[in-house]
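Below is one structure, written out as structure tokens; comments come after it.
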Amino acid sequence: MSIAFSRGNRDGSDGSRLIGPHSRRKLATTMGSYCEIQFDELSVCSVKWYVPDEWAALFQESDRRCRFCSDEDTDLEGSARPVVDYCTDRPTFLWRLALLGATDTTVRSAFEKWLESARATWREYRDSWTGEEQMGAARICTALDTLDFNEWKHQANKAIHARYGSDAAKPTDPFEQRFHDYDDSFLHFAGYGSLVGLRALLEACPEAKEVSLDVGDLVDAGHYEEDERICDQARSRLPFIANPLEPTIILGEGSTDLLVLQHALAAMYPELVDYFSFFDHAEFSVDGGTTYLVKFLRAFAGARMTARMVAVFDNDTAGVQAYTQALALNLPTNFIITRLPDIELARRYPTIGPSGPAEVDVNGSAAGIELYLGENALRRHGVLRPVRWTGYVPSAAKYQGEVEGKSEVLRAFLDGITRMASKEAARAQFPELAAVWQRIFGLVEQNAGDQCQRSYLRVINRSHD
């Protein structure tokens with residue numbers, strides 16, 4: 001779940017204004033050191049002394065930048081200091097938030113719960129206070145009665161630029177002042193620095209193109225080494241911590257399926273590779289197949305595994321049958337069951353059976369992972385390798401089939417995907433695998449969002465007890 005972080009005051013006053021980056025670095029030795037979340041050049045949240053795990057979970061080491069600061073940004077002796085941060089673009093940051101549960105739906109649900117609570121609280125203030133305080137509370141009640149998320153984003157955008165940007169004007173309206181106050185602020189309704197809170201702030205700043213985690217102060221002060229891999233180290237502590245740093249585990253029917261999915265993720269969505277891990281069949285010679293995958297799910301559920309897991313079944317007769325069986329299990333909510341999606345290529349695919357060759361729809365009967373490896377890998381001498389029907393499955397009342405030359409198809413795919421010049425090229429070359437990952441992303445986002453909402457509601461309910 002999302003949590004709020006203690007932030008402290010940087011200027012020794014009421015915390016109504018943050019110190020700029022140049023002055024901040026010069027005074028770090030006397031005031032303490034901070035890491036910051038920045039939207040472009042605008043610092044919106046800071047934490048003293050360390051990098052919170054929830055913030056480390058939003059970045060990868062591939063996002064890391066280390067450069068020397070400008071001449072005007074130097075230490076007390078006039079020496080240039082390195083600027084160290086992790087930076088990614090807005091769409092990637094929003095995607096990572098969603099994979100960790102901070103979806104748009106979660107943010108809006110949290111906002112509605114907060115709004116309901118805030119309205120009740122300020123009505124009590126209005127009815128119990130007197131004088132100018134009562135008048136201010138009445139004004140806030142009136143504004144809250146008509147407040148919606150779009151208006152909150154408008155007010156939040158103004159407050160962010162006033163609190164953290166160049167616009168230092170502080171409003172006189174009691175309602176708008178609540179977006180500027182550091183205690184019980186309307187700006188951080190979901191918790192200061194929480195994943196849900198960060199998504200809400202970013203949605204309030206549509207002009208922001210990049211999001212970064214600035215750790216320069218912490219490096220300057222010696223809390224981290226200049227070349228320290230902060231995000232990797234945070235993830236290496238997984239045996240001792242819970243989410244959000246723990247990646248989603250992908251399970252498949254066998255090592256080939258997982259090898260394909262792993263290569264596809266790295267080539268098509270490199271900005272998300274740290275958010276998924278893959279069950280290792282090879283290291284301990286673990287058996288594969290649909291029957292074993294269902295057994296693994298039962299075993300992991302019985303062991304009360306807390307990691308989020310996605311079991312991906314093939315889109316053939318055996319896979320669909322096992323997929324249906326897995327859906328019928330009473331699995332914990334952190335288990336996600338899916339299968340390879342139907343694809344256009346498989347709707348009229350060449351097959352060979354007892355009656356001879358025929359083009360038929362093999363979705364649900366013979367669409368193993370090989371049919372998702374791209375037409376180039378599937379073609380031999382310019383012709384699609386056929387699916388050969390291998391046997392009848394009485395319990396499913398259907399035949400099972402597989403493409404001929406599976407090992408050759410796999411080799412051609414691995415050779416091709418490693419040659420891709422960009423992630424866009426990889427997605428275009430292998431649209432079927434891109435569809436598989438899009439399905440997985442959507443399911444993980446929905447599952448993580450539901451979990452985040454449940455956690456947030458528990459916090460809200462406890463606060464009302």
Side-chain angles (χ1 to χ4, degrees), residues 95 98-101 103 105 243 246-266 268-269 272-273 275-281 286 288-301 305-347 361-373 393 396 398 400 402 427 430-452:
W95 207 345
L99 290 174
L100 296 176
T103 62
T105 300
N243 282 340
E246 190 167 16
T248 295
I249 301 172
I250 305 297
L251 307 172
E253 292 187 13
S255 57
T256 298
D257 299 62
L258 297 179
L259 179 67
V260 166
L261 292 175
Q262 192 167 11
H263 275 78
L265 178 64
M268 298 178 182
Y269 307 99
L272 300 177
V273 293
Y275 296 81
F276 295 89
S277 64
F278 298 83
F279 186 76
D280 192 343
H281 285 260
V286 179
T290 57
T291 301
Y292 282 100
L293 182 51
V294 174
K295 287 181 178 179
F296 292 152
L297 292 172
R298 288 196 178 103
F300 292 149
M305 298 288 288
T306 59
R308 183 174 295 110
M309 297 184 180
V310 180
V312 184
F313 290 89
D314 283 353
N315 190 17
D316 55 19
T317 299
V320 172
Q321 186 178 39
Y323 163 74
T324 304
Q325 293 172 356
L327 287 178
L329 299 176
N330 186 25
L331 296 172
T333 56
N334 56 307
F335 285 57
I336 301 172
I337 311 301
T338 188
R339 63 172 177 84
L340 299 177
D342 289 353
I343 53 175
E344 193 63 32
L345 176 65
R347 296 195 188 283
D361 187 348
V362 297
N363 283 306
S365 57
I369 192 66
E370 290 77 18
L371 257 65
Y372 296 76
L373 304 189
V393 181
K398 292 175 65 176
Q400 166 84 8
E402 62 180 35
R427 295 173 196 170
F430 304 99
E432 292 82 12
L433 281 176
V436 173
W437 272 110
Q438 286 294 329
R439 169 174 285 193
I440 293 173
F441 294 149
L443 291 169
V444 171
E445 289 175 16
Q446 180 179 350
N447 182 271
D450 291 345
Q451 182 185 40
C452 192

Taking the side chain as every heavy atom from C-beta outward, state whether Pro332 and Phe300 have any atom pair closer than 4.5 Å. no
Identify the heavy atoms of Leu371 and Ala346 that sit nearest to each other, and give their distance. CD2-CB, 4.1 Å
All heavy atoms of Gln400 vs all of Val393, minimum pair found to be CB-CG2, 4.1 Å
Heavy-atom closest contact (Arg308 atom, Leu99 atom, distance): NH1-O, 4.1 Å
If only atom types and distance count, is the side chain of Asp314 paired as donor or acceptor with the main-chain N or O of Leu340 below 3.5 Å? no
Spatial distance of atom CD (Gln325) from atom OH (Tyr323) [nearest 0.5 Å]: 13.0 Å
Can you check whether Tyr275 reaches Val444 side chain to side chain, under 4.5 Å on heavy atoms? no
Which heavy atom in Ile249 sits nearest to a heavy atom in Ala307, and how many Å separate them? CD1-CB, 3.9 Å
Determine the interplanar angle of the Phe276 and Trp437 rings, folded into 0 to 90°, and report it as parallel if under 30°, tilted if 30 to 60°, perpendicular if over 60°. perpendicular
Separation of Arg347 CZ from Asp342 CG (nearest 0.5 Å): 5.5 Å
Where do Thr290 and Glu253 land on the side-chain contact (heavy atoms from CB on, under 4.5 Å) test, with the steps shown first? CA-CA 6 Å; Thr290 57; Glu253 292 187 13; 3.3 Å; yes
Taking distance alone, no hydrogens or angles, what donor-acceptor pairs closer than 3.5 Å link side-chain atoms of residues 256-265 to residues at least two apart or in another chain?
unit_1: His263; atom_1: ND1; unit_2: Leu259; atom_2: O; d: 3.0

May I ask you to decide if the ring planes of Phe279 and Phe296 are parallel, tilted or perpendicular, using 30° and 60° as cut-offs? tilted
Are any non-hydrogen side-chain atoms of Ile369 and Val436 less than 4.5 angstrom apart? no
Using modelled atom types and a 3.5 Å cut-off, is there a donor and acceptor pairing between side-chain atoms of Asp316 and backbone atoms of Glu402? no
Rounded distance [0.5 Å steps], CZ in Arg339 versus OG1 in Thr324: 8.5 Å
When rounded to the nearest 0.5 Å, the distance separating CD of Glu432 from CG of Asn315 is 12.0 Å
Would a distance-only check, ignoring hydrogens and angles, find a side-chain to backbone donor-acceptor pair under 3.5 Å from Arg427 to Met268? yes
First locate atom CD of Glu445, then atom CG of Asp450, and finally report the distance between them rounded to the nearest 0.5 Å. 11.5 Å
If you round to the nearest 0.5 Å, how far is OG1 of Thr338 from CG of Leu327? 8.5 Å
Closest heavy-atom pair and its distance - Ala396, Thr317: CB-CG2, 3.7 Å
Would you mind reporting whether Ile337 and Leu297 have side-chain heavy atoms less than 4.5 Å apart? yes
Tyr269 meets the side-chain hydrogen bond (donor to acceptor under 3.5 Å, both in side chains) criterion, sequence neighbours left out, with Gln438
Determine the minimum heavy-atom distance between Tyr372 and Pro341, stating which atoms define it. OH-O, 2.5 Å
